[in-house]
Amino acid sequence: MTEDANAAEVPAPRAMLLVVIVLGIQALALVGAAVSFVITAFGTGELVSSLLGLAVMFLIFAAGVGAAARGAWHLHRWARPAAIAFELLVIVFGFSVIGGSLWLGLACLVTAIAVIMGFFLPAVVDAYNRALHD
């Protein structure tokens with residue numbers, strides 16, 4: 001049986017909602033940032049290409065985070081390390097901006113830690129183990 005078939009047989013635990021919701025919020029925040037870059041790009045002369053490049057990069061990140069959220073809900077093995085790797089980047093970003101924007105930095109740190117801890121809740125670990133071994 002394939003990984004997808006095994007994961008489909010094991011339902012995601014209620015504790016996985018924390019992970020999926022926070023990842024979804026982060027994906028939406030990335031889309032919002034991309035839209036703001038595009039809007040700002042039309043008001044600037046020399047920074048247009050840089051801002052549009054950032055918008056594309058943020059949309060790519062948003063797609064990846066959204067895919068990780070969906071994969072986590074379906075207990076796909078690849079989703080957990082992908083999401084945790086992204087959250088480590090969010091932690092680095094949070095620490096780098098906390099001096100200039102306390103609330104943005106704290107929001108990044110809190111959401112990243114929530115996702116990482118959510119993946120290691122006993123019910124989530126048990127569901128992943130069952131999905132991999134069934």
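The basis for the numbers below is simple: all heavy atoms, side chains too, and nothing from hydrogens, waters or symmetry mates. This is a predicted model, so every value here is computed, not measured.
- Side-chain heavy atoms closer than 4.5 Å link hydrophobic residues (I, L, V, M, F, W, Y) into clusters, and following such links, even through other members, never connects Val92 to Leu88.
- Remark: Arg80 is positioned above the aromatic ring of Tyr128, its terminal NZ or CZ atom under 6.0 angstrom from the ring centre and at most 45 degrees off the axis.
- Put simply, Leu104 and Val31 are part of two different groups of oily side chains (I, L, V, M, F, W, Y) that touch within less than 4.5 Å, one to the next.
- Linking Ile, Leu, Val, Met, Phe, Trp and Tyr whenever their side-chain heavy atoms come within less than 4.5 Å leaves Val110 and Leu23 in two separate clusters.
- Hydrophobic clustering, with ILVMFWY side chains joined whenever heavy atoms are under 4.5 angstrom apart, groups Met57 together with Leu47.
- Between Phe61 and Gln26 the shortest side-chain heavy-atom distance does not fall below 4.5 Å.
- Closest approach of Ala69 and Val20 over heavy atoms only: O-CG2, 3.7 Å.
- Summarising the geometry of Pro13 relative to Val124, their closest heavy-atom pair is CG-CA, 3.9 Å, with the distance given to 0.1 Å.
- Annotation for Ala27 and Gly66: closest pair CB-N, 4.1 Å, computed over non-hydrogen atoms.
- Taken from CD in Glu87 to CG in Leu109, the straight-line distance is 11.0 Å, to the nearest 0.5 Å.
- Counting heavy atoms from C-beta outward, Ile116 and Ile91 have side chains that approach closer than 4.5 Å.
- Hydrophobic clustering keeps Val56 apart from Leu30 (ILVMFWY residues linked when any side-chain heavy atoms are closer than 4.5 Å, directly or through intermediates).
- Here the side chains of Val115 and Ile84 are not in contact, with every heavy-atom distance at 4.5 Å or above.
- Between the side chain of Thr111 and the main chain of Ala107, a donor-acceptor pair closer than 3.5 Å is present.
- Closest approach of Ala79 to Ala68, counting heavy atoms only: CB-O, 3.6 Å.
- Ala55 and Val38 make their closest contact through CB-CG2, 3.6 Å (heavy atoms, listed as atom of the first residue, atom of the second, distance).
- Put simply, CZ on Arg70 and CH2 on Trp73 are 12.5 Å apart, with the number rounded to the nearest 0.5 Å.
- Side-chain contact check for Leu75 versus Met16: some heavy-atom pair is nearer than 4.5 Å.
- Side-chain contact between Val125 and Phe119 is absent, with no heavy-atom pair separated by less than 4.5 Å.
- Minimum interatomic distance between Cys108 and Phe93 (heavy atoms only, all atoms of both residues): SG-CD2, 3.6 Å.
- The shortest side-chain heavy-atom distance between Phe37 and Leu59 does not fall under the 4.5 Å cut-off.
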